[in-house]
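First up is the structure itself, then whatever we jot down about it.
Numbering of residues begins at 1 and proceeds along the displayed sequence.
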Amino acid sequence: MSTTQRPLIVLGAGVIGLTTAYRVSTDPVLSSLFKITVVARDLPEDMDSQAWSSPWAGANWSPMPMGGEDERIKRWETTTFNKFWDMIPSGLVKELPSRKYGYHATDYSNVWWKDLVRNFRIMEPSEIPEGYKSGLSFSTISVSPVFYLPWLTANLVNHGVNFVRKTVRSLDELSYLAKENGILVNATALGSRSILGIEDTALYPIRGQTILVRCPSLQEFLALEGDEYSDEGGEATYIIPRPGAGDAEGTALIGGTFQVRNWDTSLNMDTARSIFMRCASLAPCLLDKGTEVLKHNVGLRPAREGGPRVEVGRVKLPLGDGLRKRAESGGNAQTEAKDELVVVHAYGFGAAGYQSSWGAVEDVVSLLKGNI
Ligand code: FAD
């Protein structure tokens, strides 16, 4: 580390932590100022761990009702859509023709993202299958966590970013940052519920059960609006084809569930059958003999009452340096104590961490620049 560089710890190696580290390490001002280390319990090689959300995502760009009225989320999702769209030629991002059907007649003529996605069109009643009352067609994108997270990681390694596996239980464990004039970016998602010094009880999980299939005829994002994103029904029916060649060719994630405050990471076979049949009614090719079931999944979306938290603050260390020094000196310490840590929070992205990522991280970068 150059003697002039300050430490920047990005706590969390999910899509938000990795995108933050990527953005900071490629920013001319911030990269010269900070030595970046990503510290996390789950690292990008842990693609089977259910303790984090990022491996289990679709992961496509498709705005949802719960983010619809939040101007910050619209801004983040706009930036992210444009960034991902520009990445299509890399092969890492797939252009995805899409259709969404609804059980209710809904006026989609003013949805905020209609001029952002490509080829947005409200379907004619004659095009809408029986049983549904509305239909939308547009082009969006998907990425595959299996390729995308390692791609971000490889870029970070090339930029000299270090990775450390560590579970942080209290901000006290990072007190050296305060002494070295460092900054913490907290991208720990649901982990922020239980880290001492953060303890954000507004966080809650939304359980998502899905199935990874190989069915090369699936070339469109298909989804039902109406049964999804509800606290009660807990069902979200969608098919998200993934980019990828070789073994990943022709794969799609089909889902799913949207079970609010459900922490259960075990598989439910009745749910799996229901997912398969719901998706097959949207895309009958799933019933073809050649369809392979590759993997059953359960992941937890890291949601937060009040929406995602992207803000900076000075956080008191729970058993701060001052407290320790006073204890060590029998209560008479005169030495200057460094009791506070500058923390930029970036967590609680719920069902939309990928589609918010690049935009939200722009806010993180602005907060960092405002605190140097
Ligand atoms: P995470 O991926 O959970 O990462 C958190 C990181 O913090 C991990 O590295 C973890 O180990 C670390 N950590 C936590 N606590 C500690 C601690 N105490 N000490 C050290 N490290 C810690 N999003 C979309 O945009 N589009 C989709 O189509 C989509 N589909 C989804 C489908 C399903 C079934 C699921 C489950 C999610 C889906 N999501 C989707 C949501 C998306 O996956 C999340 O919003 C996103 O992954 C959150 O990223 P994150 O980096 O905030 O958190």
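- For the residue pair Arg99/Ser137, the side-chain donor-acceptor check at 3.5 Å is not satisfied.
- If you check the side chains of Arg309 and Tyr347, you find a donor sitting under 3.5 Å from an acceptor.
- Taken to the nearest 0.5 Å, the CD atom of Glu127 stands 4.0 Å off from the CZ atom of Arg121.
- Judged by distance alone, with hydrogens and angles left aside, the side-chain atoms of Gln5 form a donor-acceptor pair with the main-chain N or O of Phe34 at under 3.5 Å.
- Counting heavy atoms of neighbouring residues, nucleotides and ligands inside a 6.0 Å radius, atom NZ of Lys369 exceeds 12 of them.
- For Arg314, there are no side-chain hydrogen bond (donor to acceptor under 3.5 Å, both in side chains) partners, not counting sequence neighbours.
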From CA spacing to verdict: side-chain hydrogen bond (donor to acceptor under 3.5 Å, both in side chains), Lys100, Ser62: CA-CA 10 Å; Lys100 267 191 175 187; Ser62 175; 3.1 Å; yes
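- Side-chain contact annotation: Asn186 with Ser192, donor-acceptor N/O pair under 3.5 Å present.
- The residue from Arg304, His345, Arg193 that alone fulfils the side chain to side chain donor-acceptor pair (under 3.5 Å) condition with Asp200 is Arg304.
- Donor-acceptor pairing under 3.5 Å is recorded for the side chains of Asp42 and Ser49.
- More than 12 heavy atoms of other residues, nucleotides or ligands sit less than 6.0 Å from atom CZ of Arg165.
- Residues Trp76 and Val310 have side chains in contact (heavy-atom distance under 4.5 Å, counting atoms from C-beta outward).
- The shortest non-hydrogen separation linking Leu156 to Ala21 is CD2-C, 3.4 Å.
- With Trp61 as the partner, the ring-ring contact (aromatic ring centres under 6.0 Å, His included) test is satisfied by one option alone out of Trp358, Phe81, Phe138: Phe81.
- Closest approach of Ser25 and Val161 over heavy atoms only: CB-CG2, 4.0 Å.
- Scanning both residues, Ile239 and Ala283, for their nearest heavy atoms gives CD1-CB, 3.6 Å.
- The heavy-atom pair separating Leu218 from Ala252 by the smallest distance is CD1-CB, 3.8 Å.
- When all heavy atoms of Val38 and Gly12 are compared, the pair lying nearest together is CG1-O, 3.9 Å.
- Side chains of Arg75 and Thr79: a donor-acceptor N/O pair is absent below 3.5 angstrom, by distance only.
- Residue Tyr101 is tested with Tyr132, Tyr238, Phe221, Tyr108 for a ring-ring contact (aromatic ring centres under 6.0 Å, His included); the sole match is Tyr132.
- With Glu77 contributing its side chain and Lys74 its backbone, the two residues share no donor-acceptor pair below 3.5 Å.
- Outside the 6.0 Å centre-distance limit, the rings of Trp263 and Tyr204 are not counted as a close aromatic pair.
- Here side chain to side chain donor-acceptor pair (under 3.5 Å) pairs that include residues 245-257, with residues two or more places apart or in two chains, are Thr257-Gln259.
- Of the N and O atoms on the side chains of Ser144 and Lys94, not one donor lies less than 3.5 Å from an acceptor on the other residue.
- Shown here for Phe147 and Gly244, the closest heavy-atom pair between the two residues is CE1-CA, 4.1 Å.
- The shortest distance between side-chain heavy atoms of Arg242 and Tyr148 does not fall below 4.5 Å.
- Asn60 is not listed as a side-chain neighbour of Ile141, based on a closest heavy-atom distance of 4.5 Å or more.
- Checked by atom type, the side-chain pair Asp46/Trp52 shows no donor-acceptor distance below 3.5 Å.
- Asp107 and Ser109 are linked by a side-chain donor-acceptor pair at a separation below 3.5 angstrom, with hydrogens and angles left out of the test.
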